[in-house]
Amino acid sequence: MPQPAATEPIVELPASEGMHVSGIVFASRELLGDEPGDVFDQVRAVATLPGIVEASYAMPDAHVGYGFPIGGVAATDITEGGVVSPGGVGFDISCGVRLMAAPVALGELHGDQLGRLLDALAALVPHGTGPGGLWKLQRRDLKRLLVEGAELTVAEGHGTEADLARIEDGGRLEGARADVVGKRALERGQSQLGSLGGGNHFLEVQVVDEVIDPERAAAFGLGEDQVVATVHCGSRGLGHQVCSDAIKQLQPAMDRAGITVPDPQLACAPVDSPEGRDYLAGMAAAANFARANRQLIGEAIRDAFEDVLGTRDVRLVYDVNHNMAARERHTVDGRDRELCVHRKGATLALPADSPQLPDDLRPHGQPVIVPGSMGTSSWVLAGDTGRAFASTCHGAGRQRSRAQARKRIHGNTLRDQLTGQGLEVRAKSAAGLAEEAPDAYKDVDEVVRVCEQVGLSRRVARLRPLGVVKG
DNA sequence: ATGTAC
């Protein structure tokens, strides 16, 4: 029997005061917490953007971010003056998650193999802030990579053609231009290609703890007790610099177009304007950098498994990003329209039968990988109804600021706690570890439960962490 | 997220 509407975990914010559409927040009371006002205000502010259609959405893990909520989804109609806003993409352009599955069951790991695997991963994968990357390349090769993405990485011997079919857009986002990426962005990227970074970025070794949907799990190449590796990282300093540069450059365009927004952090430009086009071309370049970055780290993961367990047959299950604006066609108000869909801390979750999916995944819907907080579960989901422009959550969602988290626990205490739970921890910065304490995050199990209840995505399998490498 | 401020 369907649930009565009043108990559905959905909050509607009616259009008012300059809002072109209403706000729709998919969240239970538990996820909203005691003070949801700030994130509601951001959802309402996004609804004032020129050309926005359908609704200003927030996913179940939403929390306050720069201008847009992290967990925000907003689409504008490109042919009707719709805008693109860097704040709707985020500073870490095309930050995302990659899941790789090893041909190894947990029971087959013996002695100190898990610890040695974590040692090998920590030694092979550059992690932490600042420079250091797996692939040192010339400036002209970096510029090529910004256009070709993971395709170039594979062409240069880092991975296989089969990998590309498991990356969004085949690993290469069209429309990227290197000439709009500034000198500082290029400098920062050149020394960081193939690196994890800091903050909430991590590399985990996990085990498939529970299979919820055996048919989809099998189609994704996942079985109970299987050992897997998850990588969460993005476009490092390059994407950050592209975003910062764009925010500065957009203000004149806004003045010229007479666009006013309720918050300077919502700086934007019509998609169909020189500034809008340049931002999207630079954003695509940073997205290609992020895809190549995760591809290189994926190869290093294979190297580590080969060193310790004698196999590099570690398959790429899927690589998703959760910080981008994409040109997509969707039906809105009965019309097929060309939209610019911002997903910031939100993941594309294509439903079954979507033409963009590779043949073998098409009947099942797009795989979505949702990292939990440290020491807690991560989830594999699949696209379901295509609601909210085919979007779903991206993680547990922060509920306490980094500063608040640091006050509550020292990094070394947390490391001892996690180690006491049997987790292998390889962390570069104690302060960084404390900022990512599990209680700084919402309950990821509740986040994915709500996603499933409202039709954003369905649960496929739950992953339990065995060891973590953190910057 | 981030050479955690230019």
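Throughout, protein chains are lettered first and strands after them, A, B, ... in sequence-line order, and every chain is numbered starting at 1. These numbers come from the heavy atoms of this one structure, side chains and all, not from hydrogens, waters or symmetry mates.
As rounded to whole Å, 13 Å separates atom P of dT2(B) from atom NE2 of His127(A). Lys428(A) places its NZ atom 13 Å from the P atom of dT2(B), with the value rounded to the nearest Å. In this entry the distance linking CZ of Arg402(A) with P of dT2(B) reads 9 Å, nearest Å. For the pair Ile70(A) CD1 and dT2(B) P, the interatomic distance rounds to 13 Å; values are reported in whole Å. The interatomic distance linking Lys470(A) (NZ) with dT2(B) (C1') rounds to 14 Å, in whole Å. Nucleotide dT4(B) holds its C1' atom 13 Å from the CD atom of Glu436(A), rounded to whole Å. Following rounding to the nearest Å, Phe91(A) (CZ) and dT4(B) (P) show an atom-to-atom distance of 13 Å.
Gln206(A) and Ser378(A) form a side-chain donor-acceptor contact under 3.5 Å, judged by distance and modelled atom types alone.
Using a 4.0 Å cutoff on non-hydrogen atoms, the parts of residues 229-245 of chain A near DNA chain B are Arg236(A), Gly237(A), His240(A), ordered by number.
Residue Glu187(A) is classed as having no contact, given no heavy-atom separation below 4.0 Å to the nucleic acid. Arg184(A) comes within contact range of at least one nucleobase, with a heavy-atom separation under 4.0 Å.
Residue pairs meeting the salt bridge (Lys or Arg N to Asp or Glu O under 4.0 Å) criterion with at least one member in residues 146-155 of chain A, sequence neighbours excluded, are Arg144(A)-Glu148(A), Glu151(A)-Arg172(A). Among residues at least two apart or in separate chains, there is no salt bridge (Lys or Arg N to Asp or Glu O under 4.0 Å) pair with a member in residues 228-252 of chain A. Listed by first and then second residue, the salt bridge (Lys or Arg N to Asp or Glu O under 4.0 Å) pairs involving residues 275-287 of chain A are Arg177(A)-Asp278(A), Arg256(A)-Glu275(A), Asp272(A)-Arg277(A) (not counting sequence neighbours). The side-chain hydrogen bond (donor to acceptor under 3.5 Å, both in side chains) pairs that include a residue from residues 120-141 of chain A are Arg139(A)-Gln190(A), where partners are two or more places apart or lie in different chains.
Residues passing the side chain to side chain contact (heavy atoms under 4.5 Å, CB included) test with Asp119(A), sequence neighbours excluded: Arg426(A).
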